[in-house]
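The basis for the numbers below is simple: all heavy atoms, side chains too, and nothing from hydrogens, waters or symmetry mates.
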Amino acid sequence: MLAAVLLVSLTACAQVFPRNCPAIGWTNTVEVDASAYGNDAFVQLCVLSRCSVAPGEREMPSDDASIPFRGEGDTFQLGMTAPEEVLIRVYSVHGTLVAEKEHEIDWTHSTDPCGGPSIASILVET
């Protein structure tokens with residue numbers, strides 16, 4: 001009988017106190033396909049007026065995860081944020097702005113109890 005009471009008590013505690021999640025976060029990424037502007041086009045991504053580097057600038061690591069960070073190719077890291085909209089700017093090989101457009105992002109969010117990276121569909125800039 002005592003074992004049954006302890007089992008019920010421990011089960012109730014497990015439901016009241018959520019699982020401890022690690023302090024480590026994740027990075028959401030979004031890929032931009034600007035191939036319609038040629039292989040040498042430069043893509044800049046902005047979230048709430050916080051932009052990745054512009055053409056000719058050197059990427060510098062930042063402690064501010066609200067600034068989009070260019071990963072490999074035209075993949076951008078957005079920290080743990082999953083914005084509904086982003087602004088995409090495409091520049092020619094000479095640094096001239098050739099396109100600027102807002103895009104909605106279709107995210108698939110993690111179902112892990114502690115959260116996890118969200119996956120975005122590829123944004124195609126045409």
Residues sharing Ile119's hydrophobic cluster, by side-chain heavy-atom contacts under 4.5 Å among ILVMFWY, directly or via others?
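Noted: Ile119 shares its cluster with no other residue.
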Flag side-chain contact, heavy atom, 4.5 Å: [X] against [Y]:
| X | Y | result |
| --- | --- | --- |
| Ile88 | Phe76 | no |
| Ile105 | Leu123 | yes |
| Val32 | Val86 | no |

Got a sec, which residues hit side chain to side chain donor-acceptor pair (under 3.5 Å) with Ser35, two or more places apart in sequence or on another chain?
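Side chain to side chain donor-acceptor pair (under 3.5 Å) check on Ser35 returns Asp33.
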Heavy-atom pair with the smallest gap, counting every atom of [X] and [Y]:
| X | Y | result |
| --- | --- | --- |
| Trp26 | Cys114 | CZ3-O, 3.5 Å |
| Arg58 | Val53 | O-CG1, 3.8 Å |
| Ser110 | Pro117 | CB-O, 3.8 Å |
| Pro68 | Val47 | CG-CG2, 3.9 Å |

Once side chain to side chain contact (heavy atoms under 4.5 Å, CB included) is applied, do any residues pair with His109, and if so which ones, sequence neighbours excluded?
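His109: side chain to side chain contact (heavy atoms under 4.5 Å, CB included) contacts with Ala82, Trp107, Ser118.
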Once side chain to side chain contact (heavy atoms under 4.5 Å, CB included) is applied, do any residues pair with Glu104, and if so which ones, sequence neighbours excluded?
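So Glu104 forms a side chain to side chain contact (heavy atoms under 4.5 Å, CB included) with Glu85.
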Co-membership, hydrophobic cluster, residues [X] and [Y], 4.5 Å side-chain:
| X | Y | result |
| --- | --- | --- |
| Phe42 | Leu97 | yes |
| Val98 | Leu45 | yes |
| Ile122 | Val90 | no |

Gap separating the CD atom of Glu102 from the CD atom of Glu84, nearest 0.5 angstrom:
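So the gap between those two atoms works out to 12.0 Å.
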To the nearest 0.5 Å, tell me how far Glu57 CD sits from Ser52 OG.
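Answer for the CD-OG pair, Glu57 versus Ser52, is 9.0 Å.
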Which salt bridge (charged side-chain N to carboxylate O under 4.0 Å, His left out) pairs, counting each pair once, include a residue from residues 117-126, with sequence neighbours left out?
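Sorted result for residues 117-126: empty, none.
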Can you run down the side chain to side chain donor-acceptor pair (under 3.5 Å) pairs that involve residues 87-98, sequence neighbours left out, and say none if there aren't any?
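Non-adjacent pairs meeting side chain to side chain donor-acceptor pair (under 3.5 Å): Gln44-Arg89, Gln44-Tyr91, Arg89-Glu100.
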Between the main-chain N or O of Leu78 and the side-chain N or O of Asn28, is there a donor-acceptor pair closer than 3.5 Å?
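Side chain of Asn28 to backbone of Leu78: no pair is present.
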